Number of protein chains: 2
Amino acid sequence: MSEQEPTPPPEALGRRGRGRPRATRRRDQILDAALAEFAESGFQGASLAAVARRVGLSQQGLLHHFPGKEALLIAVLARRDEVDVRELDGLGETAALTGLAERNTRRPEVVRLHTLLTAEGLTGDHPASAYVRDRYARVRDRLAHTLRAEHGDRLPSGATPDQAAALLTAAMDGLQLQWLYDPDSVDMPDLVGLLTDVLRGAPPDPAPH
Amino acid sequence: MSEQEPTPPPEALGRRGRGRPRATRRRDQILDAALAEFAESGFQGASLAAVARRVGLSQQGLLHHFPGKEALLIAVLARRDEVDVRELDGLGETAALTGLAERNTRRPEVVRLHTLLTAEGLTGDHPASAYVRDRYARVRDRLAHTLRAEHGDRLPSGATPDQAAALLTAAMDGLQLQWLYDPDSVDMPDLVGLLTDVLRGAPPDPAPH
DNA sequence: TGTTTTGCCGAATGACCGGTAGGTAAATTC
DNA sequence: GAATTTACCTACCGGTCATTCGGCAAAACA
């Protein structure tokens, strides 16, 4: 009469007894496929069948590994979080923002996933709402903290660290949107670098940005 | 055997002959309801039944006025375009951006609609894709043109008009996202004003923004 | 009054969706 | 080889969706 979880918690990945071992590789494949599918169609627009097809599985075979669509998304986000947190910690200097923008240029799917989920999270009781809200708080906090460490309570441009953090975060999101619509016409690292320079009150650079 | 359009083109709104007059008022009610519904749930997430319910109509009664869901969205966007174009023309001066941000604060549904559709438009063959793409082009062009008229080919901050236009557009979009998630923590007009000042190379303002 | 045009609905259709139940095969331990 | 645990499938279900068809009532004109 003990409570049995249909899908054991991820932390219990290793051997558990005498039965068949868990297909951790398949699990990762599924998460990859789910990320790709969610990034392409959004959460609402994606279907479990489409994710299953990507890994050569039936829809029900997929549901054996994850109890439902929502759990699948959460698992995808949880796995992304490991990388994301490390990236956020890398923002010890404002200059690192340019590097982040540049790296994002090389992985459009991740950018698409975040952009789509951020918008979808606005609709009532979306599974990603809390995730996005929390993410915004962390990013802005981290950024404001870094700016304050570099410039004190007011940047040379006159902006407070909080204001600059909100503006930089907004610019990143907005530029990603424009970039996704037309990658060739938007140079994200360049523009992010320009904005940080301007916010830090750097003198005009005669060399064309 | 002449080709009959199930729903006559909008330009033929007035009387057309001897029959019953067109219900132009209902049409507007439907467009209002559709805007509200799309703004709340997005295009994919919205259902025709929900829109119909808002105007006290059956789903089939609604489809009598518009041939389909996609046509409904297009009609909503077409009606919004009249206002939008006027707003864009109002951007003869950069200072007007702050006013636009302030006005947007008073109509969250419109902001939501644009934000949601902009993200959804990234999804393959979404009916709003072309609309969003075109809108980006217009907004940035208009903004760059204004900036160039005010400052020539390079702003005092060192940014080119095109760069500044992309950054301002991005900041608007990104700030709207943050504002929709947490209206109290984001002062859109203030931040937009700050960014325009900084981009124009204004000296630091000792008064807190 | 008759004709025409429109407004609106009831019923039905077919596609797709996420999710459940039950069964079989595979892989591992003892 | 028996026991056990997992992997995966077929079949099925209830729900929602957009869309179509056919009909009836209302409102205008002749």
Side-chain angles (χ1 to χ4, degrees), chain A residues 2 4-10 12-31 33-34 37-38 41-75 125-127, chain B residues 2 4-10 12-31 33-34 37-38 41-75 125-127:
Chain A
S2 67
Q4 284 284 103
E5 319 193 358
T7 303
L13 280 181
R15 188 63 28 78
R16 224 178 37 163
R18 36 187 166 284
R20 181 173 172 173
R22 292 233 153 220
T24 61
R25 178 164 293 159
R26 254 301 155 75
R27 222 187 118 95
D28 283 345
Q29 288 178 11
I30 293 176
L31 288 180
E37 187 65 28
F38 289 149
S41 312
F43 176 70
Q44 306 187 43
S47 76
L48 292 179
V51 177
R53 212 174 305 125
R54 282 183 190 253
V55 277
L57 231 58
S58 78
Q59 184 194 147
Q60 297 76 358
L62 174 106
L63 277 155
H64 168 74
H65 295 270
F66 298 90
K69 193 183 180 184
E70 193 166 323
L72 183 57
L73 174 67
I74 291 180
D125 77 308
H126 192 283
Chain B
S2 68
Q4 285 283 103
E5 317 194 359
T7 303
L13 280 181
R15 187 63 29 74
R16 223 182 34 165
R18 34 186 169 282
R20 182 172 171 172
R22 292 230 151 220
T24 62
R25 176 163 296 159
R26 255 296 157 76
R27 224 187 115 94
D28 281 345
Q29 287 178 10
I30 294 176
L31 287 180
E37 187 64 27
F38 288 148
S41 311
F43 176 70
Q44 305 186 42
S47 76
L48 290 180
V51 178
R53 213 175 303 124
R54 280 183 191 252
V55 278
L57 230 58
S58 80
Q59 188 189 145
Q60 298 80 352
L62 175 101
L63 259 83
H64 169 72
H65 295 269
F66 298 90
K69 193 182 179 185
E70 192 166 324
L72 183 58
L73 173 67
I74 291 180
D125 78 307
H126 192 284

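Hydrogens, waters and symmetry mates play no part in the numbers below; they use all other heavy atoms, side chains included. In this text the structure is predicted, and so the values were computed from the model without any measurement. Just so it is clear: chains get the letters A, B, ... in the order the sequence lines come, proteins before strands, and each one is counted from 1.
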Separation of [N] [atom2] from [X] [atom1] (nearest whole Å):
| X | N | atom1 | atom2 | result |
| --- | --- | --- | --- | --- |
| Leu62(B) | dA18(D) | CG | C1' | 11 Å |
| Gln44(B) | dT16(D) | CD | P | 19 Å |
| Arg53(B) | dC9(C) | CZ | P | 13 Å |
| Arg26(A) | dC9(D) | CZ | C1' | 12 Å |
| Gln59(B) | dC21(D) | CD | P | 15 Å |
| Phe66(B) | dA18(D) | CZ | P | 15 Å |
| Leu72(B) | dA18(D) | CG | P | 10 Å |
| Arg25(A) | dA27(C) | CZ | C1' | 15 Å |

Taking N and O atoms by type only, does the side chain of Arg20(B) place a donor or acceptor under 3.5 Å from a partner on the base of dA26(D)?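 Between dA26(D) and Arg20(B), which were checked side chain against base, a qualifying N/O pair under 3.5 Å is present.
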
When the ring planes of Phe38(B) and Phe43(B) are compared, do they come out parallel, tilted or perpendicular, using 30° and 60° as the limits?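 If you compare the ring of Phe38(B) with that of Phe43(B), the planes turn out tilted.
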
Is [X] touching bases, backbone alone, or none of the nucleic acid, heavy atoms closer than 4.0 Å?
| X | answer |
| --- | --- |
| Ala50(B) | nothing |
| Leu57(B) | sugar-phosphate |
| Ala52(A) | nothing |

Search all heavy atoms of Gln44(B) against all heavy atoms of His126(B) and return the closest pair with its distance.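 Taking Gln44(B) first and His126(B) second, the nearest heavy atoms are NE2-CD2, 4.4 Å.
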
Which pair of non-hydrogen atoms, one from Glu37(B) and one from Ala46(B), has the smallest distance, and what is that distance?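 Smallest interatomic distance, heavy atoms only, reads CG-CB, 3.7 Å.
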
[X] side chain: which of [options] is closest?
| X | options | answer |
| --- | --- | --- |
| Leu63(A) | dG18(C), dA18(D), dT20(C) | dT20(C) |
| Arg22(B) | dT6(C), dC17(C), dC17(D) | dT6(C) |
| Gln60(A) | dG18(C), dT6(C), dA21(C) | dA21(C) |
| Pro21(A) | dA7(D), dT28(C), dT19(D) | dT28(C) |

If you measure from CD on Gln29(A) to CG on Leu57(A), what distance do you get to the nearest 0.5 Å?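 Here the interatomic distance stands at 9.0 Å.
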
Testing Leu48(A), Leu31(A), Val51(A) for side-chain contact (heavy atoms from CB on, under 4.5 Å) with Phe66(A), which one passes?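 Between Phe66(A) and the candidates, side-chain contact (heavy atoms from CB on, under 4.5 Å) is satisfied uniquely by Leu31(A).
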
Should [X] be listed as having a side-chain N or O under 4.0 Å from OP1 or OP2 of [N]?
| X | N | value |
| --- | --- | --- |
| Ser58(A) | dC9(D) | yes |
| His65(A) | dT6(D) | no |
| His64(B) | dG7(C) | yes |

